[in-house]
Amino acid sequence: MTRWGVLAIALLAMAGCTQPEPRYVVGDPYWLGGVWSYPQEDYALAETGLAEVLSAPMFGAQTANGEVLTAQGLTAAHRSLQLPAIIRVTNLENGRSMLLRVNDRGPEKPGRILGVSLRAGALLGMSPGRATQIALVVDAEMSRAVAEGLPGHTLPSIAIAAAPRAAVLREELAPLPGTREAPRREVQPLPSAAPIAELAPQRRGPPAPLPETVVQTAPRPGALMVEAGQFAGRSAAEAVAARLPGARISQQGRGRNASFRVALGPFAEVPAADFALERTLAAGLSEARIIVE
């Protein structure tokens with residue numbers, strides 16, 4: 001065996017001994033695919049859009065929250081959700097639905113809200129290289145459970161107001177007649193508490209895999225829309241619509257709760273929606289997105 005062969009085996013052995021250390025991550029704003037993304041903790045997110053199957057990962061690559069990226073895991077990449085998070089993903093084109101764990105950032109292509117592993121894509125009936133209409137909803141209870149105890153995750157502190165304590169006055173009194181004063185004893189200090197390091201959460205290994213349970217629901221494919229933004233006032237919406245030929249304004253709600261949406265579409269094909277999104281982003285509307293209606 002050559003020297004390079006021995007070195008390769010040694011490196012593979014070292015990689016096999018390295019255990020991933022998942023951690024809780026939200027992260028700072030970042031630039032990817034020509035668009036800024038703003039991560040935030042959101043346990044109530046529900047959205048529709050286009051998803052894609054991620055390409056086969058490189059051996060040993062790490063996700064944004066420290067897990068090992070594999071093609072066979074039921075995992076996904078999202079641009080803004082806290083990591084990890086558990087979401088229910090539904091393929092609107094065939095009705096297949098299942099749980100996935102979000103553990104990475106992406107996808108890179110604008111107009112895609114989710115990237116899924118090869119295994120998840122196969123179970124959901126998604127074709128690699130083709131955008132698929134999906135709906136996703138965060139499972140708040142499961143998401144909090146998988147994040148609890150991970151490095152980087154802190155529980156909100158609860159302030160408890162203590163009752164005020166009055167000062168305790170001490171006075172030495174003379175022994176009563178006919179009594180003797182007992183000898184004084186030194187009070188021994190209590191054993192010290194366990195070191196803080198011993199109370200720290202233990203390192204976690206790879207997370208438990210999600211079950212490969214696919215639920216069949218009715219297909220609900222829709223039309224593709226490019227949402228340029230929602231505005232509190234009609235005048236702001238009209239100013240944006242004037243920069244986008246073909247844009248339409250629709251009112252959501254009434255009175256003080258009214259908002260005005262500027263959107264393009266509907267589009268029957270993904271390339272047309274992608275072109276409209278590209279044009280909208282070029283007009284300076286960085287929060288534009290493709291949705292399914």
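From a predicted model like this one, the values you see are computed outputs, not experimental measurements. When a residue number appears, it is its place in the shown sequence, counting from 1.
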Q.
For the CD atom on Gln216, are there more than 12 heavy atoms of other groups (residues, nucleotides or ligands in this structure) within a distance under 6.0 Å?
A. yes
Q: Group every Ile, Leu, Val, Met, Phe, Trp and Tyr by side-chain heavy-atom contacts under 4.5 Å, then state whether Leu210 and Leu83 land in the same group.
A: yes
Q | Approximate separation, where rounding is to 0.5 Å, of Phe267 CZ and Asp274 CG | A | 10.0 Å
Q. Do Ser143 and Glu141 get their side chains close enough for a donor-acceptor pair, meaning under 3.5 Å?
A. no
Q: With side-chain contact (heavy atoms from CB on, under 4.5 Å) as the test, would you mind laying out the steps for Ile87 and Leu114 before giving the verdict?
A: CA-CA 11 Å; Ile87 60 175; Leu114 196 71; 3.9 Å; yes
Q | Shortest non-hydrogen separation from Val226 to Ala276 and the atoms involved | A | CG2-CB, 3.9 Å
Q: Check the pair Thr75, Leu100 against side-chain contact (heavy atoms from CB on, under 4.5 Å), reporting the backbone distance first and the verdict last.
A: CA-CA 5 Å; Thr75 57; Leu100 299 180; over 6 Å; no
**Q.** Contact summary for Val26 and Pro39, nearest pair of heavy atoms
**A.** O-CB, 3.0 Å
Q.
I need the minimum non-hydrogen distance between Val262 and Ala247, along with the two atoms involved.
A. CG1-CB, 3.9 Å
Q: In plain terms, say whether Arg23 and Glu67 are close enough for a salt bridge, that is, a side-chain N and a carboxylate O under 4.0 Å apart.
A: no
Q | Shared hydrophobic cluster, Leu124 / Val137 (ILVMFWY, side-chain heavy atoms < 4.5 Å) | A | no
Q | Geometric cation-pi criterion Arg105 and Tyr30, 6.0 Å radius, 45° cone | A | no
Q.
Hydrogens and angles aside, do Ser97 and Arg88 bring a side-chain donor and acceptor to less than 3.5 Å of each other?
A. yes
Q: Measure from the side-chain N and O atoms of Thr70 to the backbone N and O of Gly73, and report whether any donor-acceptor pair falls under 3.5 Å.
A: yes
Q | Note, Met126 side chain near Val116 side chain (heavy atom, < 4.5 Å) | A | yes
Q) Out of curiosity, Gln133 CD to Glu93 CD, how far, rounded to the nearest 0.5 Å? A) 5.0 Å
Q. Do Asp104 side-chain atoms and His78 backbone N/O form a donor-acceptor pair below 3.5 Å?
A. no
Q. Is the shortest heavy-atom distance from the side chain of Ser37 to the side chain of Ser80 under 4.5 Å?
A. no
Q) Roughly how far, to the nearest 0.5 Å, is the CZ atom of Arg220 from the CG atom of Asn91? A) 10.5 Å
Q: Examine Val146 and Leu45 and state if one hydrophobic cluster contains both, with Ile, Leu, Val, Met, Phe, Trp and Tyr joined whenever side-chain heavy atoms are less than 4.5 Å apart.
A: yes
Q) Among the clusters formed by ILVMFWY side chains lying less than 4.5 Å apart, do Val270 and Val53 turn up in the same one? A) no
Q: Walk me through it: do Ile86 and Val138 pass the test side-chain contact (heavy atoms from CB on, under 4.5 Å)?
A: CA-CA 6 Å; Ile86 304 298; Val138 173; over 6 Å; no
Q: Evaluate side-chain hydrogen bond (donor to acceptor under 3.5 Å, both in side chains) for Gln252 paired with Ser250, printing each intermediate quantity in order.
A: CA-CA 7 Å; Gln252 317 288 323; Ser250 59; 3.2 Å; yes
Show me, pair by pair, the donor-acceptor contacts under 3.5 angstrom made by side chains of residues 283-293, not counting sequence neighbours?
unit_1: Arg289; atom_1: NE; unit_2: Glu227; atom_2: OE2; d: 3.2
unit_1: Arg289; atom_1: NH2; unit_2: Glu227; atom_2: OE2; d: 3.1
unit_1: Glu293; atom_1: OE2; unit_2: Arg261; atom_2: NH1; d: 2.6
unit_1: Glu293; atom_1: OE2; unit_2: Arg261; atom_2: NH2; d: 3.1

Q) Would Arg243 and Glu238 satisfy salt bridge (charged side-chain N to carboxylate O under 4.0 Å, His left out), going step by step from the backbone distance to the final call? A) CA-CA 9 Å; Arg243 297 155 56 186; Glu238 290 174 347; over 6 Å; no
Q: Start with the C-alpha gap between Ile249 and Arg234, add the side-chain angles, then the distance that decides, and say whether side-chain contact (heavy atoms from CB on, under 4.5 Å) holds.
A: CA-CA 8 Å; Ile249 300 174; Arg234 177 175 286 276; 4.0 Å; yes
Q. Is there side-chain contact between Leu244 and Thr280, with at least one heavy-atom pair below 4.5 Å?
A. yes
Q.
Quick one, Arg119 with Glu212, criterion salt bridge (charged side-chain N to carboxylate O under 4.0 Å, His left out). Give me CA distance, side-chain angles, the key distance, then yes/no.
A. CA-CA 10 Å; Arg119 180 59 178 165; Glu212 293 190 346; 2.8 Å; yes
Q. Would you find a donor on one side and an acceptor on the other, under 3.5 Å apart, between the side chain of Ser259 and the backbone of Phe231?
A. no
Q) What do you reckon, is OH of Tyr43 surrounded by more than 12 foreign heavy atoms closer than 6.0 Å? A) yes
Q. Taking Arg79 for the side chain and Pro107 for the main chain, is one N or O donor matched with an acceptor at less than 3.5 Å?
A. yes
Q. Can any side-chain N or O of Arg96 pair as donor or acceptor with the backbone N or O of Leu123 at less than 3.5 Å?
A. yes
Q: Keeping the roles fixed (side chain from Arg248, backbone from Gly265), state whether a donor-acceptor pair exists under 3.5 Å.
A: yes
Q: Would you indicate whether the side-chain heavy atoms of Pro110 and Leu281 approach each other to under 4.5 Å?
A: yes
Q | Sub-4.5 Å side-chain heavy-atom contact between Pro211 and Met98 | A | no
Q) Just how far is it from atom CZ of Arg130 to atom OG1 of Thr132, taken to the nearest 0.5 Å? A) 5.0 Å
Q | Flag side-chain contact, heavy atom, 4.5 Å: Ile113 against Leu136 | A | yes
Q: For atom CD of Glu47, decide whether the heavy atoms of other residues, nucleotides or ligands shown that lie under 6.0 angstrom number more than 12.
A: yes
Q: To the nearest 0.5 Å, tell me how far Ser117 OG sits from Arg101 CZ.
A: 9.5 Å
(Q) Quick check on Glu278: does its CD atom have over 12 non-hydrogen neighbours (other residues, nucleotides or ligands) under 6.0 Å away? (A) no
Q) Should Met225 and Ile134 be regarded as members of a common hydrophobic cluster, given that ILVMFWY residues are connected when their side-chain heavy atoms come within less than 4.5 Å of each other, either directly or indirectly? A) no
Q. Is a side-chain donor or acceptor of Thr217 paired with a backbone partner of Gly95 at a separation under 3.5 angstrom?
A. yes
Q: Give, for atom CG of Leu50 and atom CG of Leu277, the distance between the pair rounded to the nearest 0.5 Å.
A: 9.5 Å
